[in-house]
Amino acid sequence: MPARSARLLPALALAGLGGALAPAAALAHDGTAAESGDILVALTTWSFDAPGVVLTLIAGGVYWWGYRRLRAAAAADPAPSGVQRFHFSRWRPAAFGAGIALMLLALVSPIDTYSDDLFWVHMLQHVLIVMVIAPLLLLGAPATLALRASSPRVRRQYVVPLLNSRLLQVLLYPPVAILILVGAIWIWHIPALYDAAIDSEPLHFLEHATFLSGGLLFWWLIIGVDASHLRPGHIARVAILIVAILQNLALGLILTSLGEAVYESYARLEGLREWGPSALTDQRIGAGIMWVPGTMMFAIAVLVIVYYWAEHETFRSRRADLLRDLDERAGRPVYPQPSDRPTHR
């Protein structure tokens with residue numbers, strides 16, 4: 001493994017810590033209203049969520065280190081002619097990198113700066129974390145990369161036991177994974193907890209960590225990239241997504257139909273700024289973001305699963321037709337389904 005790759009992780013961590021200590025960086029969630037609603041000012045008002053940025057950079061560094069290690073191992077031990085040994089697609093690191101980039105954008109851009117002042121901006125941040133960032137990270141197949149890039153000792157003692165652990169299997173049990181995500185969304189939107197997270201940096205970090213964890217568990221079941229003993233079938237995945245859509249619509253409808261602003265933090269900040277929508281209008285815009293873009297991501301996932309389900313059924317049908325044709329040509333008994341064929345050992 002090149003020395004540069006070996007030093008990548010600590011370098012990224014130091015860079016993140018250095019940025020956190022830089023005096024020019026604004027502190028995230030300092031409890032003050034954003035300076036202006038002018039679009040140019042908004043686009044140049046950046047914050048810095050130090051814990052989230054550091055952890056995000058570490059995650060990205062570890063993934064890139066593993067990918068470089070896997071590539072180096074493949075180059076050092078080339079496969080025989082006509083055999084492809086390196087099966088980790090290059091688009092997977094691109095997907096993971098896009099997830100890391102969006103996470104950094106959500107934590108340091110004006111999205112984070114204005115999330116304390118406008119409910120709809122905060123809602124946009126949450127939708128990004130759960131509906132976009134979590135699926136992109138999982139499309140990078142981090143568990144598969146860990147299995148292939150780790151040394152035999154690390155794989156045997158740490159990676160495999162972790163992936164086969166009872167705790168992970170419980171968390172990936174479909175009803176549990178759904179309950180964690182739905183529970184996180186509904187509990188953190190209770191006004192008292194939501195306002196407390198706005199006023200407390202550690203609690204706000206915990207809120208984002210809960211959303212990301214719940215999103216990762218949920219989309220692990222849906223995307224189906226990394227191996228899992230409890231991955232549901234196509235019908236079950238569609239059912240899971242429909243449940244997610246319904247709860248999303250329900251919460252959005254509740255927030256839209258309320259006749260007053262229920263989040264005290266935003267109602268209080270409404271009196272401190274001379275720009276932007278009223279607290280009630282802001283709340284309804286945020287509910288619309290949860291309702292439309294948030295639900296749309298679940299709906300797109302349903303369409304993708306239905307497409308691959310149809311492809312799978314088409315393949316099975318063609319396979320059955322081919323086997324029946326071969327049986328007819330060979331004079332063997334023709335079975336209606338391939339599963340009816342006797343097995344010979």
Side-chain angles (χ1 to χ4, degrees), residues 1-22 25 48-79 83-109 128-129 132-165 167-168 171-172 205 208-209 211-217 219-220 223-228:
M1 179 182 62
R4 179 185 296 179
S5 299
R7 294 193 298 267
L8 179 61
L9 176 58
L12 286 174
L14 290 175
L17 291 173
L21 299 176
F48 196 90
D49 191 343
V53 169
V54 171
L55 290 176
T56 301
L57 289 174
I58 291 176
V62 170
Y63 185 95
W64 182 246
W65 173 81
Y67 181 68
R68 290 293 299 270
R69 177 183 173 90
L70 187 59
R71 296 284 297 183
D77 185 19
V83 178
Q84 184 181 5
R85 180 175 295 171
F86 188 72
H87 298 290
F88 200 79
S89 302
R90 294 190 178 185
W91 67 266
R92 298 203 183 281
F96 193 91
I100 292 294
L102 283 176
M103 192 68 182
L104 291 174
L105 185 67
L107 295 177
V108 303
S109 73
L128 277 175
I129 292 174
V132 182
I133 293 171
L136 283 174
L137 293 178
L138 290 177
L139 284 174
T144 301
L145 178 63
L147 285 170
R148 296 184 180 181
S150 58
S151 65
R153 183 183 66 84
V154 172
R155 185 186 308 119
R156 181 177 61 255
Q157 294 184 4
Y158 301 103
V159 180
V160 172
L162 174 62
L163 294 177
N164 292 328
S165 65
L167 175 61
L168 189 59
L171 292 176
L172 288 176
F205 175 81
H208 286 174
F211 282 139
L212 181 60
S213 301
L216 289 172
L217 291 173
W219 288 108
W220 190 316
I223 291 177
V225 173
D226 287 317
S228 172

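Treat the numbers as computed from the prediction; the structure is a model and nothing was measured.
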task = Kindly indicate, with the supporting measurements, whether the criterion side-chain contact (heavy atoms from CB on, under 4.5 Å) is fulfilled by Leu212 and Met103.
result = CA-CA 10 Å; Leu212 181 60; Met103 192 68 182; 4.3 Å; yes
task = Before giving the answer on side-chain contact (heavy atoms from CB on, under 4.5 Å), spell out for Leu162 and Leu167 the whole-Å C-alpha distance, their side-chain angles and the decisive distance to 0.1 Å.
result = CA-CA 9 Å; Leu162 174 62; Leu167 175 61; over 6 Å; no
message = Checking Trp219 against Leu139 for the side-chain contact (heavy atoms from CB on, under 4.5 Å) test, could you report, in this order, the C-alpha distance in whole Å, the side-chain angles of both residues, the deciding distance, and whether it holds?
response = CA-CA 9 Å; Trp219 288 108; Leu139 284 174; over 6 Å; no
key: Check against side-chain contact (heavy atoms from CB on, under 4.5 Å), Arg69 and Ser151   = CA-CA 10 Å; Arg69 177 183 173 90; Ser151 65; 3.8 Å; yes
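Here CZ of Phe96 is found 10.5 Å from CG of Leu136. Values are rounded to the nearest 0.5 Å. Here CG of Leu137 is found 8.5 Å from OG1 of Thr56. Values are rounded to the nearest 0.5 Å. Of the inter-residue distances, the one linking Leu107 atom CG with Phe205 atom CZ reads 9.0 Å to the nearest 0.5 angstrom.
Among Val54, Val53, Leu55, the single residue meeting the side-chain contact (heavy atoms from CB on, under 4.5 Å) criterion with Leu57 is Val53.
Take Ala141 and apply the side chain to side chain contact (heavy atoms under 4.5 Å, CB included) test, not counting sequence neighbours, and it matches Phe88, Arg92, Thr144, Val225, Asp226. Scored by the side chain to side chain contact (heavy atoms under 4.5 Å, CB included) test, Leu105 finds Trp46, Leu102, Ser109 as partners (sequence neighbours excluded). Not a single side chain to side chain contact (heavy atoms under 4.5 Å, CB included) links Ser213 to another residue, sequence neighbours left out.
Pairing each heavy atom of Arg148 with each of Arg155, the nearest pair is O-NH2, 4.0 Å. In terms of heavy-atom proximity, Ala59 sits nearest to Ile100 at CB-CD1, 4.4 Å. Nearest approach of Ala149 to Gly66, heavy atoms of both residues: CB-O, 3.3 Å. Listed here is the closest heavy atom pair of Ile133 and Gly99: CG2-O, 3.7 Å. Contact record, Ala95 with Gly140: CB-N, 4.3 Å, taken as the closest heavy-atom pair.
Ring orientation note: the planes of Trp64 and Tyr67 are tilted relative to one another, at an angle of 30° to 60°.
Considering only heavy atoms from C-beta on, Pro135 comes within 4.5 Å of Ile223 through its side chain.
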